[in-house]
Amino acid sequence: MVKDLSVSLCGLRLRNPVIPASGTFGFGLELADSMDLNVLGGISLKGTTREARFGNPTPRIAECTAGLINSVGLQNPGIEALVSDKAPALRRIYGGVIIANISGYSVEEYAFNCARADACPAIDILEVNVSCPNVHGGGMAFGTDPQSAAAVTKAVKAVTRKPVFIKLSPNVTDIVSIARACEDAGADGITLINTLLGMRIDIKKRKPVIANKMGGFSGPAVFPLALRMVYQVAHACRIPVMGCGGVARAEDVLEMMMAGATAVQVGAENLRNPTACPEIIGALPALMERLGIDSLQEIIGIVA
Amino acid sequence: MVKDLSVSLCGLRLRNPVIPASGTFGFGLELADSMDLNVLGGISLKGTTREARFGNPTPRIAECTAGLINSVGLQNPGIEALVSDKAPALRRIYGGVIIANISGYSVEEYAFNCARADACPAIDILEVNVSCPNVHGGGMAFGTDPQSAAAVTKAVKAVTRKPVFIKLSPNVTDIVSIARACEDAGADGITLINTLLGMRIDIKKRKPVIANKMGGFSGPAVFPLALRMVYQVAHACRIPVMGCGGVARAEDVLEMMMAGATAVQVGAENLRNPTACPEIIGALPALMERLGIDSLQEIIGIVA
Amino acid sequence: MEKRIFTIESNEPVARDTFRLVLRTDAPVAICSGQFVDIAVPGYYLRRPISVSDVLPDGVILYYKVVGEGTLVMSGMVPGDTLELLLPLGAGFHPEKCVSDALLVGGGLGAAPLFLLAKELLAAGKKVTAVLGFKRADEICLAEEYRALGVPVHIATLDGSAGTKGFVTDAIATAQPVFDRFYTCGPLLMMKAVCTTLDAPGEASMEERMGCGAGFCYGCTLQTQSGPRRVCADGPVFDKEEILW
Amino acid sequence: MEKRIFTIESNEPVARDTFRLVLRTDAPVAICSGQFVDIAVPGYYLRRPISVSDVLPDGVILYYKVVGEGTLVMSGMVPGDTLELLLPLGAGFHPEKCVSDALLVGGGLGAAPLFLLAKELLAAGKKVTAVLGFKRADEICLAEEYRALGVPVHIATLDGSAGTKGFVTDAIATAQPVFDRFYTCGPLLMMKAVCTTLDAPGEASMEERMGCGAGFCYGCTLQTQSGPRRVCADGPVFDKEEILW
Ligand SMILES: Cc1cc2nc3c(=O)[nH]c(=O)nc-3n(C[C@H](O)[C@H](O)[C@H](O)COP(=O)(O)OP(=O)(O)OC[C@H]3O[C@@H](n4cnc5c(N)ncnc54)[C@H](O)[C@@H]3O)c2cc1C
Ligand SMILES: Cc1cc2nc3c(=O)[nH]c(=O)nc-3n(C[C@H](O)[C@H](O)[C@H](O)COP(=O)(O)OP(=O)(O)OC[C@H]3O[C@@H](n4cnc5c(N)ncnc54)[C@H](O)[C@@H]3O)c2cc1C
Ligand SMILES: Cc1cc2nc3c(=O)[nH]c(=O)nc-3n(C[C@H](O)[C@H](O)[C@H](O)COP(=O)(O)O)c2cc1C
Ligand SMILES: Cc1cc2nc3c(=O)[nH]c(=O)nc-3n(C[C@H](O)[C@H](O)[C@H](O)COP(=O)(O)O)c2cc1C
Ligand code: FES
Ligand code: FES
């Protein structure tokens, strides 16, 4: 029996729910030679700020059990390069959903960047990152408090007609109150989770592995936490959720969807296996067959 | 060269910093036949409430990548059984530091239980659990807010002369503010972390693996997060920290100590390997030799 | 309880999704019927509890069904591979409480732990009858091994593809075995039917997801007539009166 | 860039803590000097980047030093074991930019990628001199292999246990080699000394902790004269003028 992998996200049809997560797939272009990008349901691009950024000092990467810490610190070429160069170039070779991941240091910068992205026809969805733990003063602070998350959402919604997903931080006491605040402020969807603030120490050198001491921890290790938050938010909000965090195989995609995710992002796993996404997508039909699932759309949030 | 594994914790001398974490070593007695308990630096006993509790329905355990979710829900025989039976029985066969782990449903219950534990000569340290994610209305709520954590601390300090460690939850936005509130309220030390709220779904059965849906996630997967919190709290407070979360080998003990922990608790790892603690302790001297460490006390918080 | 490395002597399919695993170690093994081992499967965090079906002077024989990832990995292991086991675990059956005639009622792989019990009962001079239930004929295992001991075996299958069509209780009703005590292991509903219909004293082996498998994490607690009991340490075998069905 | 399974043909210690690893696969391998492979070490989350020291029609030769857990696991692997590699990765050396005489300056295992470069240069008719620095005599590796190619090799050791006592720069000062271009790989401080003292054009192979190893995670970025560059994809080899020492 033919399996229907497609899902509908804010009126957009994704051929399948699998999307490389922001920051773990560059601007898509870097991987165009290594795989057929067009098998991907969507692509979330590297987080972009108004100005180009070098990011944090290196080392930016630390290995962990079943995951890694990154402290890239939003290295990016700036919003103009995104809208005039990167996104259009990707659109020329990729027919799926293109998600611009937008960061900022102030509510105004978020709005400015989103307005620019709104004007770029190559971009389908805006994913507003209020959760980057790697940048001082920007990012995560907005995502740790319902009022500021709502303020960013409102400002951004005012400047765009494209669907806006707010990407939330797991480093919070009450994820539901923040997601609800975003929904009430007009968000079209929620992406979660971003990375957890983590740290490793090199016991030979007696210093942190990461130059910036701490960084964002993700990978299969965080899956149970991400799944819990996806479940909580999907059940507390009416808007769709893109589930993210530790997804590494087809089974994880189904688990996230059963918890309530409409689409599923794959992050760290791309770093250790650049063809993780096509492999996961390729494994879905047989797994669905084994579990008696004909259409993925059916299982979204099936766990009460 | 002989290695000095001993550490000093609130004036108590531990022969080494390795302590089985509460809930993962019963009341110690259960393991007396399987190992020489006296190699352990200390033992943190199963969390105890005023009344005996059955705990949560089963399944209470779910496997995860590099960890597990538990939803035991504070099954325990009650404070009277602890002070009149369990702790004295352990004291008869164990010479190290005995830590009573105290829970409660109200500030009054915490104080009541601590007063009872204070009167029990077998108990050396009170570890007050304001962070259990598995019990409604009790536990975690107290640990997610500086005021209530401080209120519990104050109430408990008023009824005991024994050192009081407050055991904090990682499910919070700002661990430092909570730790500081406990310190200001008179805590003698901080234990962290307790488990992260997590979830797994059985994709065959399309329902949560855990009867209670969610539970406390721990194991090697959470180590980078625990290490970060230990580092933050150890650097923000003057009172000692017992580091806990994902410790599975001698290397992890040193990493926790370099981050600032004076003692290190081992939780989930005991479940998959009941002799984890003696094995870790056994591996410490050779590891110290390789790294040029003569005394563990020296490396506490050595990473600035 | 101790941790020990065993070497796989053989690991063969014997019925639908069912494997017989023979493990050897370098020292004597002491374990009784109804007790279990907890197997560290490479790559998985928790151990897998499996009942002991037979004891060798320096080894154990286990039967396991491939139901998930860990047992799937186990099914791919080959002779010479090693496994780390925790054993002996749990409180097993009480063959000594049988006066003269025992009835063993197994459902599916419940037949496995009852096999070692049969041997213990026979060694103590008791008479033994086995009633084994399976979904279908291709799942039957251990029946010949019981017969080789001289134990009469009555089979029930749900689809009637072998023996009595129906449940073990149907096969018991048909066979009318003589017994003063029964022992059962299998799916919960089967054991409930057996324990609530047979009116001799009896024991049932319970199952629960486990953390430590050794009595100190309270992950596997069962509410019983006499209060909370750990399946891994106070059980897995309980008197039928203890169980709150 | 692709993922491919290789089989270990040999994995032998050749110097203090240093192993030579010969890997074979089932199809032709195309990779150039200065490029690297990224090895999935069983049990570890991230891959380990290792430079290619020589190319076989259907394989690669790598040299690695045991410095941590991943390389320790690798050192325990035996012929017949398999490894999954990502390759080819990175932008390598530019042998074509050498006019006639090349100087290769290696520090420690920096000698490894320069070996494949030496072969490429010789094949293009260039003359090659190698200066290799090590901490002590028992760490020397690849010197004989260079000599077997006909390349004159000058050794420097920090403790004077072999060759010139001191740094590679001391050995260069002593040997006074003729060259119009140099290529260097080794510890950062060594490369800095080489790049800032030699006044021919030159290239250096940089090292950084990596996430993806393939240019899309921005984990390995180096600030250069011409802006941020990814060590894994824009490098690891950079013109000496690019590097902000
Ligand atoms: C005391 C006892 C004795 C047992 N004896 C046998 C036996 O002789 N033969 C046999 O085939 N099976 C036996 N089982 C069941 C066996 O433990 C599970 O089938 C097995 O653990 C499943 O592992 P998995 O990795 O394939 O499944 P997965 O679903 O991938 O396992 C995930 C987790 O759930 C646990 N789990 C899954 N199913 C069960 C279950 N039914 N009971 C307990 N834990 C489970 C696993 O141990 C693991 O921690 C016994 C169980 C218990 C408690
Ligand atoms: C482009 C490039 C080429 C290299 N070529 C060689 C070579 O030919 N031979 C050789 O012996 N080594 C080489 N290295 C260094 C080699 O990658 C590390 O020594 C190795 O990854 C250490 O792994 P480990 O597990 O033993 O160390 P651990 O410290 O246990 O590793 C932990 C993590 O840190 C990373 N890491 C540790 N040290 C380094 C390092 N120096 N550079 C990059 N990542 C590191 C590991 O990859 C892993 O992700 C090269 C590095 C790079 C970037
Ligand atoms: C190297 C790296 C870079 C990342 N950069 C971004 C980013 O720019 N913007 C963003 O919203 N999230 C970023 N993330 C977070 C991921 O998109 C994802 O939310 C997180 O890693 C959890 O998923 P995972 O467990 O699958 O990695 C980054 C993650 C990694 C590992
Ligand atoms: C089965 C189980 C039971 C636990 N019970 C308690 C408890 O009663 N009281 C408590 O403070 N923490 C309890 N914990 C938390 C641990 O003490 C520890 O803080 C946590 O598991 C993190 O450490 P780990 O990653 O080493 O497991 C329990 C953990 C587990 C796995
Ligand atoms: S599984 Fe730990 S007490 Fe039974
Ligand atoms: S390691 Fe990912 S870009 Fe270089």
Side-chain angles (χ1 to χ4, degrees), chain A residues 62 64-69 140 143-145 169-175 178 196-208 213-215 217 219-232 246 248 251-259 287 290-293 299 302-304, chain B residues 62 64-69 140 143-145 169-175 178 196-208 213-215 217 219-232 246 248 251-259 287 290-293 299 302-304:
Chain A
C64 305
T65 299
L68 62 90
I69 295 173
M140 193 169 107
T144 53
D145 157 69
S169 169
N171 301 293
V172 299
T173 310
D174 182 4
I175 192 77
I178 299 170
L196 284 156
L197 194 58
M199 180 172 180
R200 291 300 309 276
I201 288 169
D202 182 328
I203 56 173
K204 281 186 217 158
K205 299 192 185 144
R206 304 182 178 194
K207 54 176 217 182
K213 287 190 182 175
M214 298 168 196
F217 172 44
V222 311
F223 182 77
L225 181 83
L227 189 86
R228 182 264 291 182
M229 291 192 166
V230 166
Y231 177 88
Q232 288 181 318
E251 285 82 353
D252 303 338
V253 171
L254 297 192
E255 204 170 325
M256 276 282 184
M257 295 185 77
M258 289 185 182
L287 179 62
R290 274 216 311 283
L291 298 176
I293 300 167
I299 62 163
I302 206 165
V303 172
Chain B
C64 305
T65 299
L68 63 91
I69 295 174
M140 195 170 103
T144 55
D145 156 69
S169 169
N171 302 292
V172 298
T173 309
D174 182 3
I175 192 78
I178 298 170
L196 285 156
L197 194 58
M199 180 172 181
R200 292 300 308 275
I201 288 169
D202 182 328
I203 58 174
K204 283 186 218 159
K205 300 192 184 141
R206 302 181 180 196
K207 55 175 218 184
K213 289 191 182 176
M214 298 168 196
F217 172 45
V222 311
F223 182 77
L225 180 84
L227 190 84
R228 183 264 292 182
M229 292 193 165
V230 166
Y231 177 87
Q232 289 181 317
E251 285 82 352
D252 303 338
V253 171
L254 297 193
E255 206 171 322
M256 277 282 185
M257 295 185 78
M258 288 183 183
L287 178 62
R290 275 215 310 285
L291 298 175
I293 300 167
I299 63 163
I302 205 164
V303 172

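In what follows, chains are A, B, ... by sequence order, proteins preceding strands, each numbered from 1.
- Neither the backbone nor the side chain of B/Pro170 comes within contact range of chain A; no heavy atom of the residue lies under 4.5 Å from a heavy atom of that chain.
- Interatomic distance, CG of A/Leu227 versus CD of A/Gln232, reported as 10.0 Å (0.5 Å rounding).
- With a 4.5 Å cut-off on non-hydrogen atoms, A/Ile69 touches chain B through its side chain but not through its backbone.
- For the atom pair CG of B/Asn171 and OG1 of A/Thr173, the computed distance is 8.0 Å after rounding to the nearest 0.5 Å.
- Of the atoms belonging to B/Ile203, heavy atoms from both backbone and side chain fall under 4.5 Å from chain A.
- Comparing B/Pro208, B/Ala66, B/Ala248, B/Gly198 by heavy-atom pairs within less than 4.5 Å of chain A, the highest count is held by B/Gly198.
- Residues forming a side-chain hydrogen bond (donor to acceptor under 3.5 Å, both in side chains) with A/Asp202 (at least two apart in sequence, or on another chain): none.
- Residues satisfying the salt bridge (charged side-chain N to carboxylate O under 4.0 Å, His left out) criterion with A/Arg200, sequence neighbours excluded, are B/Glu255.
- Put simply, of B/Arg290, B/Lys213, B/Met199, the one with the most heavy-atom pairs under 4.5 Å next to chain A is B/Met199.
- The contact between B/Lys207 and chain A is made entirely by backbone atoms, counting heavy-atom distances below 4.5 Å.
- In this structure, the portion of B/Ala304 lying under 4.5 Å from any heavy atom of chain A is its backbone and not its side chain.
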Is there a side-chain contact (heavy atoms from CB on, under 4.5 Å) between B/Met257 and B/Val253 once you walk through the steps?
CA-CA 6 Å; B/Met257 295 185 78; B/Val253 171; 4.0 Å; yes
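- In this structure, the side chains of A/Tyr231 and B/Met214 come closer than 4.5 Å at one or more pairs of heavy atoms.
- Ranked by heavy-atom pairs under 4.5 Å with chain B, the list A/Pro224, A/Ala259, A/Gly219 is led by A/Pro224.
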